Amino acid sequence: MSISAVLFDVDGTLVDSNYHHTLAWSRALRAHGHRVPLFVVHRLIGMGGSELLEKLIGHPDATVEESWRRHFDELLPEVFAFDGAGALLHAVHERGATIVLATSSPQDLLSEMRARIDADEAIHDVVTSGDADRAKPHPDIFEIALEKSGALRDDAVVVGDSVWDVGAATKARLQCIALESGGYSRGELEAAGAHVVYRDPNDLRARLAEWMR
């Protein structure tokens with residue numbers, strides 16, 4: 001693959017936060033009278049908040065979303081970047097590819113995650129939930145990220161961790177490299193349409209030559 005741009009998801013891909021999001025959503029839902037098993041919530045992490053709530057309770061709810069954010073902020077001290085996440089971004093950048101972070105999270109939360117990744121000099125641009133009308137699994141965030149990268153569609157690739165990343169990339173007609181670091185299995189990611197699956201950022205960095213030239 002001749003790659004000139006890599007569009008990176010953040011939560012579960014570069015930052016070990018998917019289970020914290022699961023807990024925060026579970027606590028927010030319970031606080032508002034909804035009992036949803038953790039495994040059900042986890043299967044939807046990677047979606048935008050409104051889309052996740054539509055699946056879980058049948059409709060968006062701004063009050064529940066605000067509660068999720070409060071609970072997640074309480075867990076932020078326990079959230080760290082995956083080992084090798086920053087090194088991965090530097091390695092991709094050094095190979096000449098433009099990096100755009102593409103996340104369903106809000107801008108201020110992305111800033112928290114960027115501080116943990118510590119690779120700002122390798123990042124060309126970002127796309128957050130505030131930049132798109134619809135979050136994942138809709139393709140909007142990756143479409144905007146592609147535009148910001150300046151790359152041709154055939155020369156760009158998405159890196160994500162969830163079936164929702166893979167689905168959104170597919171709808172945007174972009175190939176997706178998936179990582180198991182968010183808790184989704186290789187089989188699930190391949191069935192969703194991932195081009196190739198690696199274990200985590202370190203595994204992907206060690207095997208860049210397999211898909212970048």
Side-chain angles (χ1 to χ4, degrees), residues 1-18 45-47 81-105 110 113-114 116-128 136-213:
M1 298 168 68
S2 179
I3 300 299
S4 61
V6 184
L7 317 178
F8 278 94
D9 172 61
V10 178
D11 289 289
T13 301
L14 299 172
V15 179
D16 191 5
S17 56
N18 278 11
I45 298 301
M47 283 188 168
F82 284 113
D83 184 42
L88 169 61
L89 295 190
H90 282 294
V92 170
H93 178 68
E94 287 165 6
R95 284 178 174 264
T98 297
I99 292 172
V100 179
L101 302 186
T103 176
S104 295
S105 292
L110 175 60
M113 301 310 172
R114 288 181 69 168
R116 287 157 171 76
I117 298 165
D118 192 24
D120 274 359
E121 58 274 22
I123 298 168
H124 171 72
D125 213 333
V126 302
V127 180
T128 66
K136 302 167 192 173
H138 302 290
D140 305 35
I141 284 174
F142 290 139
E143 290 279 9
I144 295 168
L146 176 65
E147 183 178 352
K148 287 192 173 188
S149 76
L152 297 174
R153 197 174 303 272
D154 289 345
D155 296 333
V157 66
V158 168
V159 177
D161 69 285
S162 72
V163 296
W164 314 112
D165 291 322
V166 180
T170 300
K171 290 172 185 172
R173 294 179 288 121
L174 293 162
Q175 291 199 75
C176 185
I177 293 170
L179 305 183
E180 295 179 279
S181 48
Y184 296 86
S185 70
R186 176 181 297 273
E188 288 175 302
L189 295 165
E190 289 176 342
H195 176 70
V196 64
V197 180
Y198 297 104
R199 181 170 177 79
D200 56 26
N202 272 331
D203 186 28
L204 177 56
R205 179 166 60 97
R207 298 165 73 177
L208 283 182
E210 295 180 2
W211 58 275
M212 289 191 76
R213 64 173 182 268

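Note that the structure is predicted; figures quoted are calculated from it, not measured. Counting begins at 1 with the first residue of the sequence.
Looking at every heavy atom in both residues, H93 comes nearest to I99 through N-CD1, 4.0 Å. Listed here is the closest heavy atom pair of S104 and G46: OG-O, 3.9 Å. When all heavy atoms are compared, the tightest approach of L152 to L146 is O-CD1, 4.1 Å. Looking at every heavy atom in both residues, I117 comes nearest to A85 through CG2-C, 4.4 Å. A81 and R116 make their closest contact through CB-O, 3.5 Å (heavy atoms, listed as atom of the first residue, atom of the second, distance). Closest approach of A151 and S4 over heavy atoms only: CB-OG, 3.4 Å.
Interatomic distance, D155 CG to Q175 CD, rounded to the nearest 0.5 Å: 11.0 Å. A distance of 8.5 Å separates NE2 of H90 from CD1 of I123, quoted to the nearest 0.5 Å. Atom OG in S17 sits 4.5 Å away from atom CE in M113 (nearest 0.5 Å). Atoms CG and CZ, on L101 and R114 in that order, are 6.0 Å from each other to the nearest 0.5 Å. In this structure, CD1 on I177 lies 12.5 Å from CG on D165, to the nearest 0.5 angstrom. In this structure, I144 CD1 and T128 OG1 are separated by 9.0 Å, a value rounded to the nearest 0.5 Å.
Looking at residues two or more places apart in sequence or on another chain, you find no salt bridge (Lys or Arg N to Asp or Glu O under 4.0 Å) involving R205. Contacts of E190 classified as side-chain contact (heavy atoms from CB on, under 4.5 Å), with partners at least two apart in sequence or in another chain: R186, V197. Partners of E94 by side chain to side chain donor-acceptor pair (under 3.5 Å), not counting sequence neighbours: none found. Annotation: ring pair (Phe, Tyr, Trp, His ring centres under 6.0 Å) contacts of F142 (sequence neighbours excluded): none. Residues satisfying the side-chain contact (heavy atoms from CB on, under 4.5 Å) test with T170, not counting sequence neighbours, are V166. With sequence neighbours left out, the salt bridge (Lys or Arg N to Asp or Glu O under 4.0 Å) criterion links D16 to no other residue. Evaluation of the side-chain contact (heavy atoms from CB on, under 4.5 Å) rule for D203 yields Y198, R199, D200, R207 as partners, not counting sequence neighbours. Taking D125 as the reference, K148 meet the salt bridge (Lys or Arg N to Asp or Glu O under 4.0 Å) condition, with sequence neighbours excluded. Residues passing the side chain to side chain donor-acceptor pair (under 3.5 Å) test with E143 are R153, sequence neighbours excluded. The side-chain contact (heavy atoms from CB on, under 4.5 Å) check on A97 picks up V6, V92, M212, with sequence neighbours excluded.
The closest side-chain heavy-atom distance from L88 to V159 is not below 4.5 Å. Residues I141 and T103 have side chains not in contact (no heavy-atom distance under 4.5 Å, counting atoms from C-beta outward). Residues V10 and S105 have side chains not in contact (no heavy-atom distance under 4.5 Å, counting atoms from C-beta outward).
Under the ring pair (Phe, Tyr, Trp, His ring centres under 6.0 Å) criterion, no residue pair touches residues 159-181, with sequence neighbours excluded. For residues 168-193, every residue pair satisfying the ring pair (Phe, Tyr, Trp, His ring centres under 6.0 Å) rule, not counting sequence neighbours, is listed here: H42-Y184.
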TODO: Go through the steps for N202 and D83 under the test side-chain contact (heavy atoms from CB on, under 4.5 Å), then give the verdict.
DONE: CA-CA 7 Å; N202 272 331; D83 184 42; 2.9 Å; yes
- [ ] Show your reasoning for whether side-chain contact (heavy atoms from CB on, under 4.5 Å) applies to H195 and V157.
- [x] CA-CA 10 Å; H195 176 70; V157 66; over 6 Å; no
